[in-house]
Amino acid sequence: MNDFPIRRVILIVWSIIVWCALWSDVSVANVLWGAVAGAATMVLLPIHDRERTVTFSLVGVLAYAGYAAWALVKSSAVVAWEVVTPRNRINQGIVAVPLRTDSVPLATLIANTVSLTPGTLTLEIRHDPLTLYVHIMHLRSIEEVRAEIGVLEDYAMRAFPSTLPSTTAPATEEAP
């Protein structure tokens with residue numbers, strides 16, 4: 001069954017709901033403008049009629065969220081300490097971190113998580129191979145930064161196992 005038209009209707013209905021929520025008013029004008037926003041979204045960002053499956057592990061997602069939350073708390077404490085102490089301990093730098101995954105969405109998730117933690121900012125993602133360029137406010141060693149982001153990548157790959165690079169050759173059918 002092709003759910004392509006259904007996805008379009010859902011997108012327009014969702015756009016109307018969001019538009020009315022943003023304006024805090026359900027009126028004819030807001031419903032119409034919400035539909036226009038949904039239609040414009042479909043034109044600018046077309047939905048492709050292909051099956052995209054993403055599998056995730058609930059335990060993996062919870063572990064990823066827990067690790068990201070811990071990294072957020074830890075880095076917030078370091079930045080807060082930097083603010084309240086009179087001595088400047090900033091040793092900033094930019095580190096290239098090659099990723100093991102070949103999944104762009106997974107690399108984006110990792111890059112956004114890195115940017116959410118205080119004291120770090122993903123500046124760029126390069127392709128072939130996927131590499132993050134990360135600005136670090138408290139750089140102690142390049143290897144330490146790469147190892148920390150590697151741990152984050154491990155958690156992300158366990159959370160979304162469908163993004164793992166395939167290590168097996170595709171199966172081929174033999175003619176009868």
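The chain is numbered in sequence order, starting from 1.
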Side chain to side chain contact (heavy atoms under 4.5 Å, CB included) between Arg140 and Asn91, intermediate numbers included: CA-CA 8 Å; Arg140 290 182 294 271; Asn91 181 28; over 6 Å; no
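- In this structure the side chain of Leu130 reaches within 4.5 angstrom of the side chain of Ile125, judged on heavy atoms.
- Here the shortest heavy-atom pairing between Ser15 and Gly38 reads OG-CA, 3.2 Å.
- Between Val95 and Tyr133 the shortest side-chain heavy-atom distance does not fall below 4.5 Å.
- Other residues sharing a hydrophobic cluster with Val28 under the 4.5 Å side-chain heavy-atom criterion for ILVMFWY residues are Leu32.
- Annotation: the span from Thr122 atom OG1 to Leu116 atom CG amounts to 9.0 Å, rounded to 0.5 Å.
- Between the side chain of Thr131 and the backbone N or O of Pro129, at least one donor-acceptor pair lies under 3.5 Å.
- Val79 is listed as a side-chain neighbour of Met137, based on a closest heavy-atom distance under 4.5 Å.
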Test log, rule side chain to side chain contact (heavy atoms under 4.5 Å, CB included), inputs Asn30 and Ser27: CA-CA 5 Å; Asn30 281 340; Ser27 66; 3.6 Å; yes
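- Remark: the backbone N or O of Leu72 is not paired with any side-chain donor or acceptor of Thr117 at under 3.5 angstrom.
- Results of the side chain to side chain contact (heavy atoms under 4.5 Å, CB included) test with His135 over Val114, Leu123, Thr120 single out Leu123 as the only residue that passes.
- Pairing each heavy atom of Leu139 with each of Gly93, the nearest pair is CD2-CA, 4.0 Å.
- At a threshold of 4.5 Å between non-hydrogen side-chain atoms, the residues Val31 and Trp19 do not count as touching.
- For the pair Glu144 and Arg146, the salt-bridge criterion is not met [side-chain N within less than 4.0 Å of a carboxylate O].
- For the residue pair Glu82 / His138, a side-chain donor-acceptor distance below 3.5 Å is found, with atom types taken as modelled.
- Hydrophobic clustering (ILVMFWY, side-chain heavy atoms < 4.5 Å, transitive): Val104 and Val97 are in one cluster.
- For Glu153 (side chain) and Thr101 (main-chain N/O), a donor-acceptor pair under 3.5 Å exists by modelled atom type.
- For the pair Ile12/Met42, a side-chain contact is recorded, criterion being any heavy-atom separation below 4.5 Å from C-beta on.
- You'll find the side chain of Leu121 stays beyond 4.5 Å of the side chain of Val134, heavy atoms only.
- If you chain together hydrophobic residues whose side chains sit under 4.5 Å apart, Ile94 and Leu99 never meet in one group.
- Cluster annotation: Ile142 and Ile136 are assigned to the same hydrophobic cluster (Ile/Leu/Val/Met/Phe/Trp/Tyr, side-chain heavy-atom contacts under 4.5 Å, transitive).
- Placement of Leu109 and Phe56 within a single hydrophobic cluster is found when ILVMFWY residues are connected by side-chain heavy-atom separations under 4.5 Å, directly or transitively.
- Side-chain heavy atoms closer than 4.5 Å link hydrophobic residues (I, L, V, M, F, W, Y) into clusters, and following such links, possibly through other members, connects Val61 to Leu152.
- Residues Ala35 and Ile16 come closest through the heavy atom pair N-CG1, 3.5 Å.
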Working for side chain to side chain contact (heavy atoms under 4.5 Å, CB included), residues Met157 and Leu106: CA-CA 8 Å; Met157 288 192 302; Leu106 194 66; 3.4 Å; yes
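- Separation of atoms CD (Glu124) and CG (Leu132) is listed at 10.0 Å; rounding is to 0.5 Å.
- Sequence neighbours left out, the pairs with a member in residues 64-102 that pass ring-ring contact (aromatic ring centres under 6.0 Å, His included) are Tyr67-Tyr155.
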